[in-house]
Undergrad: 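One structure coming up, written as structure tokens, with questions to follow.
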Amino acid sequence: MTQILPSRTPEERAKAVAAATECLRNGDAVALPTETVYGLAADALRGDAVAKIFGAKERPRFDPLIVHLPDRAWLERVARIDDDSRELIEKLIAEFWPGPLTLVLPRREIIPDIVTAGLETVAVRVSAHSVFAEIIRAFGSPLAAPSANRFGRVSPTSAQHVLEELDGRIPLIVDAGPTSHGIESTIVAVRNGRLELLRRGPITTAQLEAFDGVVFVEAAERPESPGQLPSHYAPRTPLILVDGAGSFVPTADKRCGLLSWKSTAAPTFADVRRLSERQDLREAAANLFRYLRELDNLGLDLIVAEKLPEVGLGAAINDRLRRAAGRTD
Ligand code: TXA
Ligand code: MG
């Protein structure tokens, strides 16, 4: 049985923190809220605990996990910082930690192979979520935590989503309501004082470009980040991406749903979810996975998703939609 513990009142929160910490100490995997999506966390320094994450998610062992740190002080215990990257890393951390930026850095021995899938690098971040922060500090050591969905599926942005994905497979979900960003952290590799963008996310390329020359690495060139496989974030219902819903005419025998960015009236669709009435990209990101799940649960023949403007968070959202459609073009 999977238990869901709320964390609204101080009493509920204290109980949830204690229960989660106890599970983690027992070497179990528990679902925790972060500011991006819900994560499935386990003791990052224990291979047997981390194995439970892979088991519950049915995640292939070649796909490495993000290590969440209690604080900045842990960084150099798990990763190495080269002299030519130090200044840049310090600046990025000062600006974006705690928060939705994951850094891929050379690893230290303390991290078990199962976490990094045998890579010589480790992905690290410090979550800004107050409940997550309280739990990881109480635990006192790094937590490996991928998104709390089964492999290849849409990331969960609420405790209910986690339950849909992992009910009966994990002992505990800590519920802190919907997550604020709604999409997974931005991932950058830091090499020789330069940044390579591995996954778009809440920290936009414009924000990163303010720091140094950001090098864009194409999907084909980064097999080392398997979460970036072309087909990912996939609903069960087939999904296509269009420029505008007006150009799409559903056939009479098909029930189609619309994930809309700009279209308001769409009478030919069986159901519509509008990402943001105000055309606000932050709101659209926060709603994205919930609406995808809702449309996916309607038993439709097809989900038609409208492309967003290819800027900032819009590019990060389009990236998820392309992968939901199983394409990277
Ligand atoms: O916002 C987030 O990042 C959420 C929350 C829970 O923190 N976590 C998350 O984890 O999205 P996950 O496992 O679903 O995605 C992590 C991605 C995967 O695509 C994985 O391949 C990549 O990070 N990754 C992990 N370690 C890596 C490494 N050493 N080098 C390159 N990519 C790595
Ligand atoms: Mg994931």
Side-chain angles (χ1 to χ4, degrees), residues 29-42 44 50 53-54 56-69 78-80 96-108 111-129 131-133 135-136 142-157 161-162 165-166 173-174 176 179-191 195-203 217 219 221-234 285 289 316 319-320 323-324:
V30 296
L32 304 179
T34 84
E35 72 276 45
T36 56
V37 300
Y38 276 72
L40 183 59
V50 173
I53 296 177
F54 283 91
K57 281 181 59 88
E58 298 172 42
R59 182 173 174 118
R61 293 281 178 103
F62 61 71
D63 194 359
L65 307 180
I66 295 177
V67 173
H68 297 64
L69 307 175
V78 304
R80 274 184 289 110
F96 299 116
W97 276 14
L101 181 70
T102 297
L103 302 176
V104 171
L105 296 167
R107 69 186 271 209
R108 287 193 193 274
I111 298 294
D113 279 344
I114 186 174
V115 173
T116 63
L119 297 177
E120 285 310 308
T121 53
V122 60
V124 287
R125 84 176 187 99
V126 176
S127 170
H129 196 289
V131 172
F132 188 97
I135 291 168
I136 196 169
L143 295 174
S147 51
N149 50 279
R150 277 172 282 144
F151 183 69
R153 306 245 309 130
V154 179
S155 293
T157 56
H161 294 169
V162 179
E165 293 287 321
L166 301 176
I173 301 169
V174 175
T179 62
S180 53
H181 291 291
I183 56 173
E184 307 85 353
S185 63
T186 304
I187 306 181
V188 291
V190 189
R191 289 192 186 109
L195 292 186
E196 291 173 11
L197 183 68
L198 297 182
R199 179 172 74 186
R200 287 192 173 82
I203 307 295
V217 181
E221 293 172 36
R222 48 175 143 91
E224 90 269 27
S225 198
Q228 302 303 299
L229 293 171
S231 173
H232 215 72
Y233 307 108
F289 290 147
D319 197 52
R320 269 96 184 148
R323 290 175 209 284

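Numbering of ligands and ligand atoms starts at 1, following listing order. Since this is a predicted model, take the numbers as computed values, not measurements.
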Undergrad: In ligand 1, which numbered atoms sit nearer than 4.0 Å to a non-hydrogen atom of Asp63?
TA: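 Near Asp63, meaning under 4.0 Å from one of its heavy atoms, ligand 1 has 18 (C), 20 (C), 21 (O).
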Undergrad: Using a 4.0 Å cut-off to any heavy atom of Ile187, which atoms of ligand 1 qualify?
TA: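 It comes down to these atoms of ligand 1: 17 (C), 23 (O).
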Undergrad: Tell me which one of Leu101, Leu198, Ile203, Leu105 satisfies side chain to side chain contact (heavy atoms under 4.5 Å, CB included) with Val188.
TA: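 Among Leu101, Leu198, Ile203, Leu105, the one that satisfies the side chain to side chain contact (heavy atoms under 4.5 Å, CB included) with Val188 is Leu101.
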Undergrad: Can you check whether His161 and Phe289 have ring centres sitting under 6.0 Å from each other?
TA: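 Not close enough - the centres of the two rings lie 6.0 Å or further apart.
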Undergrad: Heavy-atom contacts with His68 under 4.0 Å: which atoms of ligand 1 show up? List them by number with element.
TA: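 Every atom of ligand 1 under 4.0 Å from some heavy atom of His68: 5 (C), 7 (O).
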Undergrad: Out of Gly39, Ala148, Ala145, indicate the one that has the non-hydrogen atom closest to atom 8 (N) of ligand 1.
TA: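 Minimum heavy-atom distance to atom 8 (N) of ligand 1 goes to Ala145.
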Undergrad: Any chance you could measure Asn149, atom CG, to Leu40, atom CG, to the nearest 0.5 Å?
TA: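 Answer for the CG-CG pair, Asn149 versus Leu40, is 9.0 Å.
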Undergrad: Under a heavy-atom criterion of less than 4.0 Å, does Arg199 contact ligand 1?
TA: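 So Arg199 counts as touching ligand 1.
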Undergrad: Give the C-alpha distance, both sets of side-chain angles, the deciding distance and a yes or no for side-chain contact (heavy atoms from CB on, under 4.5 Å) between Leu195 and Val190.
TA: CA-CA 5 Å; Leu195 292 186; Val190 189; 3.8 Å; yes
Undergrad: Under a plain distance cut-off of 3.5 Å, with no hydrogens placed, do Thr34 and Arg125 share a side-chain donor-acceptor pair?
TA: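 Note: Arg125 and Thr34 side chains meet the donor-acceptor criterion.
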Undergrad: Contact between ligand 1 and Thr116 is defined here as a heavy atom of the residue under 4.0 Å from a ligand atom; is it met?
TA: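 No, that is not the case, since the closest heavy atom of the residue is not under 4.0 Å from the ligand.
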Undergrad: In terms of atom number and element, which parts of ligand 1 are under 4.0 angstrom from non-hydrogen atoms of Glu184?
TA: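 Those qualifying, in numeric order: 1 (O), 2 (C), 11 (O).
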Undergrad: Any atoms of ligand 1 less than 4.0 Å from a non-hydrogen atom of Ile66? List them with their elements.
TA: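 Ligand 1 atoms under the 4.0 Å threshold to Ile66: 3 (O), 8 (N), 9 (C), 10 (O), 16 (C).
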Undergrad: For the atom pair OG1 (Thr116) and CZ (Arg107), what is the distance rounded to the nearest 0.5 Å?
TA: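 The distance works out to 3.5 Å.
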Undergrad: Show me which atoms of ligand 1 lie under 4.0 Å from any heavy atom of Ser147.
TA: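 Every atom of ligand 1 under 4.0 Å from some heavy atom of Ser147: 8 (N), 9 (C), 10 (O), 12 (P), 14 (O).
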Undergrad: Can you list the ligand 1 atoms lying under 4.0 Å from a non-hydrogen atom of Thr121?
TA: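 It comes down to these atoms of ligand 1: 28 (C), 29 (N), 30 (N).
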Undergrad: When you measure from atom 28 (C) of ligand 1 to each heavy atom in Leu65, Leu119, Ile53, Thr36, which option holds the nearest one?
TA: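 Going through Leu65, Leu119, Ile53, Thr36 one by one, Leu119 has the nearest heavy atom to atom 28 (C) of ligand 1.
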Undergrad: So that I can tick it off, tell me whether Arg150 and Glu165 are bridged by a salt bridge, with the cut-off set at under 4.0 angstrom between side-chain N and carboxylate O.
TA: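 A salt bridge is present here (some side-chain N lies under 4.0 Å from a carboxylate O).
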Undergrad: For ligand 1, which part of Arg59 has a heavy atom less than 4.0 Å away: the side chain, the backbone, both, or neither?
TA: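 The side chain, only.
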Undergrad: Compute the minimum heavy-atom distance from Arg125 to ligand 1 and say whether it is under 4.0 Å.
TA: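 Within the 4.0 Å threshold, so yes.
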Undergrad: So, Ser155 and the Mg ion (ligand 2): N/O/S under 2.8 Å, yes or no?
TA: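 Under 2.8 Å: Ser155 has no N, O or S contact with the Mg ion (ligand 2).
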Undergrad: Under 3.5 Å, side chain of His181 to main-chain N/O of Ile183, donor-acceptor pair present?
TA: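 Side chain of His181 to backbone of Ile183, a donor-acceptor pair under 3.5 Å: no, none is there.
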Undergrad: Please tell me whether Thr36 and Ser185 have a donor and an acceptor in their side chains that are separated by less than 3.5 angstrom.
TA: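 Note: Thr36 and Ser185 side chains miss the donor-acceptor criterion.
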